[in-house]
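This report concerns only the one structure given below.
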Amino acid sequence: MVVTMKSTYQFFKELLKEIIDVTSTLFRIMIPIIIVIKVIEELGGIVILSEWLSPIMESVGLPKEMGLVWATTILTNIYAGLIILINSDIPLTVAQASVLGSMMLLAHSLPIEGAIAKKAGVSWLATLSVRVGGSLVLAWLLNLSYQYGDLLNYPATVLWQPEVSTDTSYLTWALDQLKSFAVIFMVISALLLLLKILKLVGIEKLMAVMLRPFLRLLGISKDATNLTIIGITLGLSFGGGLLINEAKKGHISARDVFTALMLLNLLHSLIEDTLLILLIGADFYTIFWGRLVFSVLVVALISNVIKRINPKVCERYFYRDVSQS
């Protein structure tokens with residue numbers, strides 16, 4: 001009985017330490033960046049970026065006004081981008097909504113999520129290249145396909161009309177951020193508890209065995225399996241935060257962290273983000289299966305290329321071992 005109580009105490013003591021380690025690391029990254037982005041937004045930085053992106057929007061078959069939507073999404077998040085889109089009152093076809101939605105899914109919240117990847121050892125160059133470059137390539141391919149086959153060329157039905165708050169005070173903004181941090185803390189706590197339970201009952205090993213063929217194709221080791229699954233289903237902030245923790249401990253190699261994060265850069269929050277984009281009338285097959293297939297092919301290609309590059313070059317430009325820092 002005493003041994004059991006000691007074991008239980010030790011279990012929760014280690015769990016609490018991990019929760020604090022992971023969340024404190026995430027918050028140290030997120031808080032300063034959120035403040036900087038707010039300052040940029042107040043100074044009109046998002047509008048300037050949208051003007052730069054307008055010609056790109058037109059090149060993939062979208063109205064130039066969608067530059068503001070993507071700029072907002074890139075610097076903040078999908079929710080903010082959708083609010084700009086819906087309040088713009090610019091009608092889109094299903095094809096256009098699918099192209100724009102795919103771009104938003106691949107490239108959003110880049111300052112925060114890029115910083116999380118950087119903390120795990122993945123360079124800004126690699127993150128921005130795969131996310132911005134990947135979104136442009138996918139958008140171009142989709143637009144080309146839709147035009148060639150005259151597909152989905154009918155009006156998109158918007159299913160969401162968000163209530164825009166009239167209170168734009170800094171206090172309200174600060175309180176909203178605190179609520180977000182509280183949610184992140186609770187989700188991370190639940191995830192870490194779940195991971196520990198999965199290890200204890202052996203389900204973690206079973207999942208690794210089942211997914212091993214798929215992960216081997218992408219060059220992701222079994223050690224990164226569960227954390228990658230968490231990122232794919234729940235989001236890069238959660239999966240990336242846990243990857244940082246494991247990378248610092250040296251449990252996962254730098255190259256495996258890199259490959260896992262390349263996949264998470266393109267394919268994360270698969271459930272929530274997909275549902276959000278569906279609300280603007282995008283085609284499900286495009287934004288779910290299209291994104292999934294595109295992400296797997298790109299990461300499989302990256303994984304094979306990275307194996308052939310000199311490790312010193314990789315460490316200089318793409319990733320580094322954070323367990324030694």
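Nothing here was measured: the structure is a model prediction, and the numbers come from that model. Computed over heavy atoms, backbone and side chain alike; hydrogens, waters and symmetry mates excluded.
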Quick one: closest heavy-atom pair of Thr76 and Ser109, and the distance? O-OG, 2.7 Å
Any side-chain heavy atom of Leu276 within less than 4.5 Å of one from Met104? no
Can you find a heavy atom in the side chain of Val183 that is under 4.5 Å from one in the side chain of Ser180? no
For the CZ atom of Phe181 and the CD1 atom of Ile31, what is their distance to the nearest 0.5 Å? 4.5 Å
If I compare all heavy atoms of His108 with all of Arg131, which pair ends up nearest, and what's the gap? O-NH2, 3.1 Å
How close do Pro111 and Ile74 get, heavy atom to heavy atom, and via which atoms? CD-O, 3.3 Å
Assess the side chains of Thr286 and Tyr146: does a donor N or O sit below 3.5 Å from an acceptor N or O? yes
With a 4.5 Å limit on heavy-atom distance, are the side chains of Leu279 and Leu82 in contact? no
So for atom CZ, which belongs to Phe284, do other residues, nucleotides or ligands contribute more than 12 heavy atoms lying within a distance under 6.0 Å? yes
Taking all heavy atoms of Thr23 and all of Ile19, pick out the closest pair and write down the distance. OG1-O, 2.6 Å
Met30 vs Gln177 side-chain heavy atoms within contact, under 4.5 Å: no
Within-4.5 Å side-chain heavy-atom neighbours: Leu106 and Phe294: yes
Tightest non-hydrogen contact, residues Leu110 and Val132, listed as CD1-CG2, 3.7 Å
Quick check: are there more than 12 heavy atoms from other residues, nucleotides or ligands sitting under 6.0 Å from NZ of Lys38? yes
If you measure from CD on Gln147 to CG on Asn153, what distance do you get to the nearest 0.5 Å? 9.5 Å
May I ask you to test the Ile306-Met262 pair for a side-chain heavy-atom distance under 4.5 Å? no
If I take atom OH from residue Tyr319 and atom OG1 from residue Thr259, how far apart are they, to the nearest 0.5 angstrom? 7.5 Å
Does Trp124 have more than 12 heavy atoms from other residues, nucleotides or ligands lying within 6.0 Å of its CH2? yes
How close do Thr73 and Ala107 get, heavy atom to heavy atom, and via which atoms? CG2-O, 3.8 Å
Can you tell me how far apart OG1 (Thr172) and OH (Tyr170) are? Round to the nearest 0.5 Å. 12.0 Å
Any sub-3.5 Å donor-acceptor pair from Ser98's side-chain atoms to Asp283's backbone N or O? yes
Should Leu105 and Leu138 count as side-chain neighbours, where that means a heavy-atom distance under 4.5 Å? no
Do the side chains of Asp273 and His268 get nearer than 4.5 Å, heavy atoms only? yes
Inter-residue atom distance Met66.CE - Ser54.OG, 0.5 Å rounding: 9.5 Å
